[in-house]
S.K.: 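Submitted below is the structure of interest, expressed as structure tokens.
Along the sequence shown, residues are numbered consecutively beginning with 1. This structure is a prediction, so every number in the text was calculated from the model and none was measured.
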Amino acid sequence: MDSPELYHVKQQFTLGAYKSLVDLTLPDPDSPDYTPTLVYQARAHLAVDSPSTAYSIIPKDTENVALKAVAALAHFVEAEADSSKEAERDAALEELRDLCVEVEGDDADATEWEKGTVRVLAGTAFARAGEIEEALETLGAGTDTRNLEAVGYTVQIYLSINRPDLARKEFERAKRWAEDDLLLQQIEASIGLATGRDAYADAHAYFTEQLANPSLTSPRLLTARGVARLLRGEVQAAKSDLEEAQTQMGGKPDAETLGAQVVAAGLGSAKSADADQLFSQLSTEHPGFPLVLDVERKAHLFDELAAKFAVPPVAAA
């Protein structure tokens, strides 16, 4: 069973309170909480787009497989953003594959938590690299895995490829043993957000309940509720959530918040230049964001089709 301190760390990570984890003072290195807390802190640095810091806080001489995995993921994320670092990117993926092999079997020198963490971090990298089948296999999709975080990532992958039916199956399988875990509730909320079940009521209620926690500050939760409110047609309330999320991020929104702000600015009766300005910012700062890529694909398709038609001359009067 986790200590109260480690339980709180996991809760903060699950709910996206990354700044709290980044600023956290680590326990004594001899404490059983040291390694998992360090892993969550490094992952929090990755979540706020600081892979170099994530890598720097991992001891260089560590033999712990979970710490090795988070260091490899940090290397991958850093190389992923630079097209000139393809060799480093591939090397990080190979290291993660080797670690997955290392933790296989009952005789592996690692705890069950460490084994599960390796698989989650490796699966995350594989999915980001476009290796969807490898990611799903690594995470244990379709099996009776008892790794709820792996289930959560599996659900996200299925939702990203428009397979909510398979996402729902993973969730229903996990319900048999995970009971009313916080992460399980979040998985259900994410499925509801993607499918529109019950008019997004469950997702909206979950995010609102977590935001009521007085000990939690999570701009990611605000963004998530803002998206739920957009989908429910509550545009002004959504804009309020997104503005507050941006404020909590120090005035610089992350990709998800900025993407939601683009959508919010384009809704309502008074569509303004704000939407174009925000989209320009999004495409400049986050060129790989799904909304940006989708618009680019559709613009290219429009140009292709338009080129097939000749505009007839204007008829003379």
S.K.: Taking atom CG as the centre, does D2 end up with more than 12 heavy-atom neighbours from other residues, nucleotides or ligands that are less than 6.0 angstrom away?
M.R.: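 Yes, CG of D2 has more than 12 neighbouring heavy atoms, counting only those of other groups under 6.0 Å.
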
S.K.: Is it the case that more than 12 heavy atoms not belonging to E285 sit under 6.0 Å from its CD atom?
M.R.: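 Result for CD/E285: enclosed.
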
S.K.: Between Y55 and K60, is there a cation-pi geometry (under 6.0 Å to ring centre, at most 45° from the normal)?
M.R.: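 Yes, K60 sits over the ring of Y55.
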
S.K.: Distance-only, no hydrogens or angles: does the T247 side chain make a donor-acceptor pair with backbone N or O of E243 under 3.5 Å?
M.R.: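 Side chain of T247 to backbone of E243: a pair is present.
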
S.K.: Check the side chains of N147 and T145 for a donor-acceptor pair under 3.5 angstrom, ignoring hydrogens and angles.
M.R.: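 T145 vs N147: no donor-acceptor pair found between side chains.
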
S.K.: Is any side-chain heavy atom of I57 less than 4.5 Å from a side-chain heavy atom of L38?
M.R.: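 Yes, their side chains come closer than 4.5 Å.
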
S.K.: State, yes or no, whether a side-chain contact exists between E170 and I191 at a heavy-atom distance under 4.5 Å.
M.R.: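 They are not in contact (no side-chain heavy atoms under 4.5 Å apart), so the answer is no.
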
S.K.: Please determine, by modelled atom types, if Y206 and Q186 share a side-chain donor-acceptor pair under 3.5 angstrom.
M.R.: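 The criterion, which ignores hydrogens and geometry beyond distance, is satisfied for Q186 and Y206.
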
S.K.: Under 3.5 Å, is there a donor-acceptor pair linking the side chains of S31 and D28?
M.R.: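 Judged by distance alone, the side chains do not pair up.
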
S.K.: Give the ring-plane orientation class for Y18 versus F13, where under 30° counts as parallel, over 60° as perpendicular and anything between as tilted.
M.R.: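 Ring orientation, 0 to 90° scale: perpendicular.
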
S.K.: Looking at E304, I want to see if its CD is surrounded by more than 12 non-hydrogen atoms of other residues, nucleotides or ligands under 6.0 Å.
M.R.: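 Correct, the count exceeds 12.
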
S.K.: Begin from the C-alpha positions of R119 and E149 and carry the test side-chain contact (heavy atoms from CB on, under 4.5 Å) through to its verdict.
M.R.: CA-CA 10 Å; R119 296 186 184 105; E149 195 172 1; over 6 Å; no

S.K.: Output yes when a side-chain donor or acceptor of D254 lies under 3.5 Å from a complementary backbone atom of T257, and no otherwise.
M.R.: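 Looks like yes, one N/O pair under 3.5 Å.
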
S.K.: Side chains of T62 and N64: is there a donor and an acceptor less than 3.5 Å apart?
M.R.: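 Distance-only check fails for T62 and N64.
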
S.K.: With a 4.5 Å limit on heavy-atom distance, are the side chains of T124 and R128 in contact?
M.R.: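 Sidechains of R128 and T124: in contact.
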
S.K.: Can a side-chain donor-acceptor contact be found between H45 and Q41 if the only test is distance below 3.5 angstrom?
M.R.: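 Their side chains do not contain a donor-acceptor pair, so the 3.5 Å distance test is not met.
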
S.K.: Heavy atoms only: give me the nearest A72-A92 pair and the separation to one decimal.
M.R.: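 Looking at all heavy atoms of both residues, the shortest contact is O-CB, 3.5 Å.
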
S.K.: Looking only at non-hydrogen atoms, find the nearest pair between A238 and G226 and report the distance.
M.R.: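 Taking A238 first and G226 second, the nearest heavy atoms are CB-O, 3.3 Å.
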
S.K.: V151 and L166: same hydrophobic cluster, using ILVMFWY side-chain contacts below 4.5 Å?
M.R.: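 V151 and L166: separate clusters.
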
S.K.: More than 12 foreign heavy atoms under 6.0 Å from CD of E172: is that the case here?
M.R.: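 Yes, CD of E172 has more than 12 neighbouring heavy atoms, counting only those of other groups under 6.0 Å.
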
S.K.: Could you tell me whether a side-chain N or O of S280 sits under 3.5 Å from a main-chain N or O of D276, the two making a donor and an acceptor?
M.R.: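 No, the answer is negative, given that no donor and acceptor are paired below the 3.5 Å cut-off.
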
S.K.: Taking S56 for its side chain and T53 for its backbone only, find out whether a donor-acceptor pair lies under 3.5 Å.
M.R.: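 Yes; judged by distance alone, with no hydrogens or angles, the pair exists.
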
S.K.: Answer yes or no: is there a side-chain heavy-atom contact under 4.5 Å between P253 and Q261?
M.R.: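 Yes - at least one pair of side-chain heavy atoms lies under 4.5 Å apart.
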
S.K.: What are the two closest non-hydrogen atoms of C100 and A122, and how far apart are they?
M.R.: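 Closest approach of C100 to A122, heavy atoms only: SG-CB, 3.4 Å.
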
S.K.: For atom CD of E137, decide whether the heavy atoms of other residues, nucleotides or ligands shown that lie under 6.0 angstrom number more than 12.
M.R.: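 Counting neighbours around CD of E137, 12 or fewer heavy atoms of other residues, nucleotides or ligands fall under 6.0 Å, so no.
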
S.K.: Counting neighbours of CG on D303 that are heavy atoms of other residues, nucleotides or ligands and sit closer than 6.0 Å, is the number greater than 12?
M.R.: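 Yes.
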
S.K.: Between L184 and E188, is any pair of side-chain heavy atoms under 4.5 Å apart?
M.R.: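 A side-chain contact under 4.5 Å is absent here.
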
S.K.: Are the side chains of Q11 and L182 in touch, meaning some heavy atoms are under 4.5 Å apart?
M.R.: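 When only atoms from C-beta onward are counted, L182 and Q11 do touch, with a gap below 4.5 Å.
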
S.K.: Among L231, L159, D202, which residue satisfies the side chain to side chain contact (heavy atoms under 4.5 Å, CB included) criterion with L193?
M.R.: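 The option that passes is L231.
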
S.K.: Answer yes or no: is there a side-chain heavy-atom contact under 4.5 Å between E78 and R89?
M.R.: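 Answer no - side chains too far apart.
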
S.K.: With a 6.0 Å cut-off (strictly less than), is the heavy-atom count around CD of Q281, excluding the residue itself, greater than 12?
M.R.: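 Atom CD in Q281 is packed in, count exceeds 12.
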
S.K.: With side chains defined as the heavy atoms from C-beta onward, is the minimum distance between D241 and T223 less than 4.5 Å?
M.R.: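 Contact flag for D241/T223 side chains = no.
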
